[in-house]
Structures are given as C-alpha cells and as structure tokens.
Amino acid sequence: DFGALLDQVCDHTREVLIVAGLAAAGVLSPLWGSLYPFVYTALNVVLFLCNWHKVALPLAVKSYWTLYPVIALYLWTGRNCLDAGAALSIVLMTGAIVHALLRLSSEMRGR
C-alpha cells in the first residue's frame with residue numbers, strides 16, 4: 001500500500017514539476033504555469049473523494065491526452081503550442097472537477 005501511495009505522489013509531483021519547469025524556462029505562460037498545478041491538484045483531490053465515496057465517473061482527464069503531445073511537439077520540432085495545450089488541459093480538468101462534484105453531491109444527498 002505504501003509503495004502504491006508513493007508511486008502516485010511521485011507521479012503527481014513529476015506532473016507539477018514539468019509544468020513549473022516549462023514556465024520557469026519561459027516557454028509556458030506564467031498564467032498557465034501557475035494555474036495548472038492548482039487545477040491538477042484539485043482534480044486529484046476530487047477523484048480521491050469520488051473513489052473514497054464509491055462514486056463512479058465515466059471519464060477521467062489525463063494530461064497525456066492534451067499536454068504531453070504538445071510538450072513532445074515542442075521538444076521534437078521547436079513549435080511552441082504549450083500555452084494552448086496547458087489551457088486545454090485546464091479547461092478539461094475543470095469540467096471533470098465540476099462533473100465529479102455534481103456526481104458526489106447527488107450521491108451524498110441520496111444517502
């Protein structure tokens with residue numbers, strides 16, 4: 001159990017450090033670089049709460065769907081779409097947070 005928890009903590013830390021590093025290097029807008037860690041953390045807290053309360057969610061947003069492809073594009077070609085990728089990730093994560101909170105609220109009222 002501890003190893004699984006440590007793995008999750010390391011994965012989430014890596015995610016935030018990648019975004020912070022891109023912002024610190026000046027290739028990602030400070031706005032998106034600052035907002036992303038907060039939204040990402042909020043999403044993970046809400047997903048934890050859904051799991052804790054056994055509330056099923058049909059879809060979880062994964063950063064490798066939106067942010068990682070634009071990071072790869074930037075690293076391989078120098079084409080910078082990082083702001084668009086981070087903004088899209090933030091919008092999708094915010095939508096997932098709202099959806100999860102609505103499902104949690106509905107489930108908790110039903111108990």
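Numbers for residues simply follow the sequence, beginning at 1.
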Find the distance between [atom1] ([X]) and [atom2] ([Y]) and round it off to the nearest 0.5 Å.
X: Leu88; Y: Leu92; atom1: CG; atom2: CG; value: 4.5 Å
X: Ser89; Y: Leu43; atom1: OG; atom2: CG; value: 10.5 Å
X: Asn44; Y: Leu49; atom1: CG; atom2: CG; value: 11.0 Å

Heavy atoms only: give me the nearest Asn80-Val27 pair and the separation to one decimal.
ND2-O, 2.9 Å
Restricting to non-hydrogen atoms, name the atom on Leu28 and the atom on Gly33 that form the minimum distance, rounded to 0.1 Å.
CD2-CA, 3.9 Å
Membership question, hydrophobic clusters at under 4.5 Å side-chain separation (ILVMFWY): are [Y] and [X] in the same one?
X: Val39; Y: Leu17; answer: no
X: Trp65; Y: Val46; answer: yes
X: Tyr68; Y: Leu75; answer: yes
X: Val16; Y: Val9; answer: no

Candidate pair His53 and Met108, rule side chain to side chain contact (heavy atoms under 4.5 Å, CB included), full reasoning:
CA-CA 9 Å; His53 292 284; Met108 295 176 118; 3.4 Å; yes
Can you list every side chain to side chain donor-acceptor pair (under 3.5 Å) pair that touches residues 24-40, not counting sequence neighbours?
His12-Tyr40, Glu15-Tyr36
Only distances under 3.5 Å count here; give the side-chain donor-acceptor pairs of residues 93-103 to other protein atoms, sequence neighbours excluded, each with its distance to 0.1 Å.
from, atom 1, to, atom 2, distance (Å)
Thr94, OG1, Ile90, O, 2.7
Arg103, NH1, Ala56, O, 3.4
Arg103, NH2, Ala56, O, 2.9

Give the C-alpha distance, both sets of side-chain angles, the deciding distance and a yes or no for side chain to side chain contact (heavy atoms under 4.5 Å, CB included) between Val19 and Leu67.
CA-CA 9 Å; Val19 172; Leu67 190 59; 3.6 Å; yes
Tell me, please, which residues at least two apart from Leu73 pass side chain to side chain contact (heavy atoms under 4.5 Å, CB included).
Thr77, Arg79, Cys81
